[in-house]
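Okay, structure first, notes after.
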Amino acid sequence: MMALIDSNNFYVSAERVFQPELRDKAGCVLSNNDGCAISRSNEAKEQLGIRMGTPFFMMREQHTSGKLWWRSSNYTLYQDMMRRITQIVRDTFPDQEIYSIDECFCDLATFKHHDLEQVAIDLRRKILQYTGVPVCIGIGATKTLAKIANKLAKKQHKTTGVYYMGTAAQIEQGLKDTEVDDVWGIGPRYGIKLIKAGVYTAYDFVNLPEDYVLKLMTIQGRRTYRELKGLRCIPMEFERPLKEGISTARSFNCMITERAPLEEALACYVANASQKLRAQKSVCARFMVYAQTSQFVVEKDRYTNDIVVKLSQPTSDTGTLITEALKALRRIYVKGYRYQKVGVELRDLRPQSQVQSDLFGKVTVEKQDKLQLAMAAVDHINKVQGRNTIVHGAMGFEKKWSMRQEFLSRRYTTRIEDVIVVKAI
DNA sequence: TCTGGGGTCCTAGGACCC
DNA sequence: TCTGGGGTCCTAGGACCC
């Protein structure tokens with residue numbers, strides 16, 4: 001069997017741990033830039049009908065009238081709370097895959113002779129006691145069935161917070177109680193297709209002929225289908241695989257028309273992405289830069305463009321990447337538009353150790369080695385002394401465009417940036 | 001006025017190779 | 001009627017996840 005441990009309304013729950021005044025009241029955590037709701041308390045869902053992605057301005061009245069609290073997203077806090085939760089889980093279920101910021105899968109193969117339901121109930125209680133975050137645990141034969149069991153735990157088994165989907169009868173009932181577009185792997189598009197074809201529940205779905213599923217939804221759909229029948233098709237990933245691409249982009253807090261601030265922002269994102277690149281000891285051979293206006297403006301004011309740059313020598317050096325990225329941006333920048341976002345995507349990642357010197361390139365292996373040492377030193381200083389202690393000049397200092405985070409809570413559990421105030425020289 | 005960001009995987013079609 | 005066959009690489013777009 002497999003277990004899925006998933007926090008309830010995770011960001012909201014993490015905020016409530018350190019701000020008890022937020023408990024039992026309708027509230028939500030906002031996306032980057034405070035743009036829309038991305039985590040909602042049960043009260044916000046049930047009493048105020050706030051949905052995932054509800055824009056900020058549509059909730060303003062509920063906020064000003066005191067019916068709803070909100071916070072900017074505070075990933076430093078959430079990441080650290082999750083680290084604590086997964087540690088507790090590991091003491092009980094050691095074979096663990098951290099799947100997302102608020103979920104982990106566990107392989108229970110070594111727990112054959114235990115009362116799994118009771119073990120899970122105890123674990124859940126322990127997590128709540130030690131961290132203050134409520135979680136639900138679903139147990140099933142495959143990842144997809146564990147996901148379904150988890151949703152049912154949240155809906156139907158609120159008191160224990162655990163649902164064990166073991167017997168054939170439990171599985172059948174579980175599938176019948178699950179709407180087809182609530183199945184992990186079936187999104188809104190396929191959901192619509194299936195409902196049109198008269199397939200309403202997960203149970204209807206597993207009773208389709210396999211060929212039909214393959215034709216309608218390609219091999220991914222077939223994988224979900226087989227998983228629901230109890231065949232393990234999605235393996236556990238105990239080690240986090242290296243990223244195949246790294247992208248960084250943010251919406252601005254206001255629209256930007258001038259080229260200079262766009263370049264500053266892009267330089268910051270490139271620095272951020274290349275730091276992640278070095279963290280996994282990779283280099284990139286190509287990247288894409290894009291710029292766009294808001295998608296909500298009228299057609300004639302809309303503009304989006306991108307450009308792919310192939311590097312003569314794969315690198316993870318921030319300076320080189322910023323220089324090339326800015327050149328690219330100058331080629332797609334058109335004066336007169338009100339830009340909402342620029343971004344960069346590093347692609348064609350490969351291990352640093354594999355890099356071969358470009359036969360005709362100017363950069364020698366020696367110079368490359370020196371650069372790597374320098375960047376490693378910068379990364380270390382920024383880690384110890386706080387982010388952005390050492391920056392490239394191109395990243396600018398004022399950052400008038402930077403993200404809106406008006407309702408940010410403190411980083412209660414981690415130190416750096418809260419303790420040390422760093423000034424750019 | 002105001003609508004997130006970071007990923008992965010698959011497929012189709014075009015260009016090009018011998 | 002019937003216009004090779006096998007392959008790679010690239011891009012764009014679609015779908016999904018949190």
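Within every chain, numbering begins at 1; the chains are lettered A, B, ... in the order of the sequence lines, protein sequences first and strands thereafter.
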Can you name the closest pair of heavy atoms from [X] and [Y] and give their distance?
{"X": "A:Ser247", "Y": "A:Lys276", "value": "O-NZ, 4.5 Å"}
{"X": "A:Phe93", "Y": "A:Ile5", "value": "CD1-CD1, 4.3 Å"}
{"X": "A:Val308", "Y": "A:Met288", "value": "CG2-CG, 4.1 Å"}

What nucleic acid atoms does [X] come within less than 4.0 Å of, heavy atoms only: base, sugar-phosphate, or nothing?
{"X": "A:Ile186", "answer": "sugar-phosphate"}
{"X": "A:Asp102", "answer": "sugar-phosphate"}
{"X": "A:Val183", "answer": "sugar-phosphate"}

How close or far is atom [atom2] of [N] from atom [atom1] of [X], stated in whole angstroms?
{"X": "A:Ile234", "N": "C:dC17", "atom1": "CD1", "atom2": "P", "result": "11 Å"}
{"X": "A:Lys151", "N": "C:dC17", "atom1": "NZ", "atom2": "P", "result": "8 Å"}
{"X": "A:Glu345", "N": "C:dA12", "atom1": "CD", "atom2": "P", "result": "12 Å"}
{"X": "A:Gln340", "N": "B:dT1", "atom1": "CD", "atom2": "C1'", "result": "13 Å"}
{"X": "A:Ile307", "N": "C:dA12", "atom1": "CD1", "atom2": "P", "result": "12 Å"}
{"X": "A:Arg240", "N": "B:dG6", "atom1": "CZ", "atom2": "P", "result": "15 Å"}
{"X": "A:Tyr11", "N": "C:dC18", "atom1": "OH", "atom2": "P", "result": "12 Å"}
{"X": "A:Arg223", "N": "C:dA15", "atom1": "CZ", "atom2": "P", "result": "17 Å"}

Is there any side chain to side chain donor-acceptor pair (under 3.5 Å) pair reaching into residues 262-274 of chain A, and which pairs are they, with sequence neighbours excluded?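 As it turns out, the side chain to side chain donor-acceptor pair (under 3.5 Å) pairs with a partner in residues 262-274 of chain A, which skip direct neighbours, are A:Arg259-A:Glu263, A:Glu263-A:Arg330, A:Glu264-A:Trp401, A:Ser274-A:Thr318.
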Using a strict threshold of under 4.0 Å (side-chain N to carboxylate O), is an ion pair present between A:Asp6 and A:Lys154?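 Here A:Lys154 pairs with A:Asp6 in a salt bridge, since their nearest N and O are under 4.0 Å apart.
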Nearest 0.5 Å, what's the OG1-CG distance between A:Thr293 and A:Asn305?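 Interatomic distance, A:Thr293 OG1 to A:Asn305 CG, rounded to 0.5 Å: 11.0 Å.
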Please convert DNA chain B into dot-bracket. A pair counts if it is Watson-Crick or G-U wobble with both distances under 3.5 Å; crossing pairs go in [ ] and bases paired with another strand get |. ....||||||||||||||
Counting only non-hydrogen atoms, which of residues 53-65 of chain A are less than 4.0 Å from DNA chain B?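 Residues of residues 53-65 of chain A under 4.0 Å from DNA chain B: A:Pro55, A:Phe57, A:Arg60.
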Contact list for DNA chain B against residues 249-270 of chain A - heavy-atom distance below 4.0 Å: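 Of all residues in residues 249-270 of chain A, the ones placing a heavy atom under 4.0 Å from DNA chain B are A:Ala249, A:Arg250, A:Ser251, A:Met255.
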Verify the contact: side-chain N or O of [X] to OP1 or OP2 of [N], cut-off strictly under 4.0 Å; return yes or no.
{"X": "A:Arg286", "N": "C:dT11", "value": "yes"}
{"X": "A:Lys147", "N": "C:dC18", "value": "yes"}
{"X": "A:Thr218", "N": "C:dA15", "value": "no"}
{"X": "A:Lys341", "N": "B:dG5", "value": "yes"}

Here's a test of your reading of the structure: between A:Ile246 and A:Gln220, which maps to the more 5' nucleotide of DNA chain B?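 The 5'-side residue here is A:Ile246.
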Please figure out whether A:Gly35 or A:Thr248 has its closest DNA chain B nucleotide nearer the 5' end.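 Between the two, 5'-proximity favours A:Gly35.
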Would you kindly say whether [X] and [Y] are connected by a side-chain donor-acceptor distance under 3.5 Å?
{"X": "A:Asn9", "Y": "A:Ser41", "value": "no"}
{"X": "A:Ser282", "Y": "A:Gln280", "value": "yes"}
{"X": "A:Glu15", "Y": "A:Gln19", "value": "yes"}

Selected nucleotide, minimal atom distance to [X] side chain, candidates [options]:
{"X": "A:Tyr190", "options": "C:dA15, B:dG7, B:dC9", "result": "C:dA15"}
{"X": "A:Pro188", "options": "C:dC16, B:dT8, C:dC18", "result": "C:dC16"}
{"X": "A:Tyr75", "options": "C:dC18, B:dG4, B:dG7", "result": "B:dG4"}
{"X": "A:Glu103", "options": "C:dT11, B:dT8, C:dC18", "result": "C:dC18"}
{"X": "A:Trp184", "options": "B:dG7, C:dC18, C:dA15", "result": "C:dC18"}

My understanding is that only residues two or more places apart in sequence, or in another chain, count here; which of them pass side chain to side chain donor-acceptor pair (under 3.5 Å) with A:Glu258?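 Partners of A:Glu258 by the side chain to side chain donor-acceptor pair (under 3.5 Å) criterion come out as none, since no residue qualifies.
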Centroid separation under 6.0 Å, is that true for the rings of A:Trp69 and A:Phe407?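 Between A:Phe407 and A:Trp69, the centre distance exceeds or equals 6.0 Å.
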Parallel under 30°, tilted from 30 to 60°, perpendicular over 60°: which one fits the rings of A:Tyr225 and A:Phe205?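 Judged by the thresholds at 30° and 60°, the geometry between A:Tyr225 and A:Phe205 is perpendicular.
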By side chain to side chain contact (heavy atoms under 4.5 Å, CB included) - contacts of A:Thr304 (at least two apart):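 With neighbours one apart ignored, the set is A:Gln292.
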